[in-house]
Number of protein chains: 2
Amino acid sequence: MRPKNLIKEEAIRSIALQIIADEGLENLSMQKLAKAAGISPRTIYIKYENKEDLLVKLFIEEVLGAYEKAILKNFDPAAPFAEGVQKLWLNGFNYLINNRHAFALLQHGKASPLLNRAFQQKNIKEGDFFGPIHQFLTLNVEAGIIKDFPQEIHRALLFSPILDLVAEYFDYQTRPQQIITPETILACCEAVTQGILIPKK
Amino acid sequence: MRPKNLIKEEAIRSIALQIIADEGLENLSMQKLAKAAGISPRTIYIKYENKEDLLVKLFIEEVLGAYEKAILKNFDPAAPFAEGVQKLWLNGFNYLINNRHAFALLQHGKASPLLNRAFQQKNIKEGDFFGPIHQFLTLNVEAGIIKDFPQEIHRALLFSPILDLVAEYFDYQTRPQQIITPETILACCEAVTQGILIPKK
DNA sequence: TTTGTAAGTAAGCAAACGTTTACTTACTTT
DNA sequence: AAAGTAAGTAAACGTTTGCTTACTTACAAA
């Protein structure tokens, strides 16, 4: 039997991400995608049930999956708090600035009800997506090193600035000087863990 | 001459926001909007040039404008740092949890290239959108109270967690117990300004 | 009361939408 | 070499899209 063309399968995914990043989720159509990938619309339906199925799989597998893998690379949940947070920040920041298309869909994931629902169902079915981070935070709360907030709050406080900083990074790429670099990130990371107030002498 | 029906004008905007919040930006169509508002599609085009014009005006005027107004209510740029940040957090959080539809489009604004572009152009033309916040941060940097980061970085560190906390607030509304309340927000606000590390004795 | 003007509608345009049918191509197994 | 099978395509299905035309309604000025 004829083997499936893995190159085309990869093309569908990467070109879909590209269109979403450049024109927005609302401007992605199956016809446009097929044309850009140089294939027939029908071919997409061999691999994906329908448009929603394609979007959900793109988001969960291609984007969230890869992001999780990248952010947890060489991360040790038992590491000292500041060191662990720094690792996660650098991993996350570096991955996202080098994967603009994945970043774009990640942003859409927070806005689109479809993707939001898919993420929650995935989390319920397979347990915590970013397990080692959960473990890391629990350890540090139990050791009395960080304040005793629920996981979701810790995550919002510690990690949501990263996405905005990445967005600023891309904005500034189109202007005279870059103000957000990987070096900047270390200072931001410290500010988040220790606060941005300058301690009184 | 026939006066324009202000009720219908308001209906277009509020129902558009509702559809976007419930079904996503990618599922809003002019026909669906007209039907839901009980008017002819043509009527929308009396008030808005096209679909993009409608979306941009909704986002800039209806959502960003109202959000700015709400967040700056009773805010004094000359107030002490912790007090000022607390005010902004409470204003922002309370506005967003009471305006789910506006919150949804705000999230889309970070993901959609169209809305993103519109926001940047608006910012360039009319100067800083959240002027008093700019002033507030500048004052505190100059007084040596907070670290000397660029405005954009301060804003990402100080305010981006709010949106994620609001998202969690809405998520938890559909589940057994609410973990994020206006009272929680004060603790989060303190954690962001002073850090979440527990100081060593 | 007539006239001018803007608001609003019903109906429908071409184009694009997501999806499917009928078919061809390429490869494996017999 | 023939049969079998999955991959892939061209063309088009019916629907919906953004948007427009032709018309009616409601009001203010003359």
Side-chain angles (χ1 to χ4, degrees), chain A residues 1-62 105 108 112-115 117-118, chain B residues 1-62 105 108 112-115 117-118:
Chain A
M1 61 179 166
R2 188 174 178 176
K4 56 172 145 182
N5 192 333
L6 290 170
I7 293 166
K8 279 177 185 169
E9 188 154 1
E10 192 24 53
I12 292 174
R13 292 187 171 229
S14 65
I15 291 175
L17 284 180
Q18 194 186 109
I19 294 174
I20 292 169
D22 292 339
E23 306 179 41
L25 191 55
E26 68 273 26
N27 290 312
L28 175 74
S29 80
M30 300 301 261
Q31 313 231 95
K32 191 188 273 183
L33 172 56
K35 203 168 196 174
I39 55 168
S40 159
R42 183 64 183 84
T43 305
I44 305 174
Y45 287 90
I46 293 170
K47 302 166 205 299
Y48 304 97
E49 206 180 315
N50 51 38
K51 193 184 182 183
E52 292 203 349
D53 182 45
L54 166 65
L55 289 176
V56 168
K57 283 185 178 151
L58 261 184
F59 178 56
I60 300 286
E61 295 167 16
E62 197 86 359
L105 187 50
H108 277 286
S112 155
L114 170 72
L115 299 182
R117 239 178 291 129
Chain B
M1 58 179 169
R2 188 174 180 178
K4 55 173 144 183
N5 192 332
L6 290 171
I7 293 166
K8 281 178 186 172
E9 186 153 3
E10 192 26 49
I12 292 173
R13 293 188 169 228
S14 65
I15 291 175
L17 284 180
Q18 193 187 109
I19 294 174
I20 292 169
D22 293 339
E23 306 180 39
L25 190 56
E26 68 273 27
N27 290 311
L28 175 75
S29 81
M30 301 300 262
Q31 309 235 96
K32 191 188 273 183
L33 171 56
K35 203 168 197 176
I39 55 167
S40 159
R42 183 64 184 87
T43 305
I44 304 173
Y45 288 90
I46 294 170
K47 302 168 204 301
Y48 304 97
E49 207 181 313
N50 50 37
K51 194 184 181 183
E52 292 203 348
D53 183 45
L54 166 65
L55 289 176
V56 167
K57 281 184 178 151
L58 261 184
F59 178 57
I60 299 288
E61 294 167 17
E62 198 86 358
L105 187 50
H108 278 287
S112 153
L114 170 72
L115 299 182
R117 238 178 292 129

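Keep in mind that the numbers below use all heavy atoms, side chains included, and drop hydrogens, waters and symmetry copies. Here is the naming used below: chain letters follow the sequence lines, and residue numbers restart at 1 for every chain.
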inquiry  = As a test of reading the structure: which of C:dG18, C:dG8, D:dC19 is closest to the side chain of B:Lys8, going by heavy atoms?
reply    = C:dG8

ask   = What nucleotide among C:dT21, C:dT19, C:dA10 has an atom nearest to a side-chain atom of A:Asn50?
value = C:dT19

query = What closest approach, in Å, do B:Ser112 and B:Leu25 show between heavy atoms, and which atom pair accounts for it?
reply = CB-CD2, 4.1 Å

Phosphate-side-chain proximity, B:Ser29 and D:dG18, N/O vs OP1/OP2 below 4.0 Å = yes

message = Can you tell me if B:Lys47 touches the phosphate of C:dG8, counting only side-chain N or O atoms and a distance under 4.0 Å to OP1 or OP2?
response = yes

remark   = To the nearest angstrom, the NZ-C1' distance between A:Lys51 and C:dT20 comes to 17 Å

inquiry  = Between A:Lys32 and C:dG18, is there a contact of a side-chain N or O with OP1 or OP2 at under 4.0 Å?
reply    = no

remark   = Separation of D:dT16 atom C1' from B:Glu26 atom CD, nearest Å, is 16 Å

task = Please report the shortest heavy-atom distance between B:Ser40 and B:Ala34, naming the atom on each side.
result = C-CB, 4.0 Å

request  = Please check the phosphate of C:dG8 (OP1 and OP2 only) for any side-chain N or O of B:Ser40 closer than 4.0 Å.
outcome  = no

message = Could you tell me how far apart B:Glu49 (CD) and D:dT20 (C1') are, to the nearest whole angstrom?
response = 14 Å

task = State which of D:dT9, D:dC19, D:dA12 makes the closest approach to the side chain of A:Gln31.
result = D:dA12

Nucleotide nearest B:Thr43 (side chain, heavy atoms from C-beta), chosen from C:dT9, C:dT19, D:dG18 = C:dT9

key: Which nucleotide in D:dA10, C:dG18, C:dA10 has an atom nearest any side-chain atom of A:Met30   = C:dG18

inquiry  = Please pick, from C:dA16, C:dT21, D:dC19, the nucleotide with the shortest atom-to-atom distance to any side-chain atom of B:Pro41.
reply    = D:dC19

query = What is the distance, rounded to the nearest whole Å, between atom CG of B:Leu28 and atom P of D:dT16?
reply = 16 Å

inquiry  = Counting C-beta onward and ignoring hydrogens, is there a side-chain heavy-atom pair between A:Ile19 and A:Asn27 closer than 4.5 Å?
reply    = no

query = Can you tell me if the side-chain N/O atoms of B:Lys35 get under 4.0 Å from OP1 or OP2 in D:dT16?
reply = no

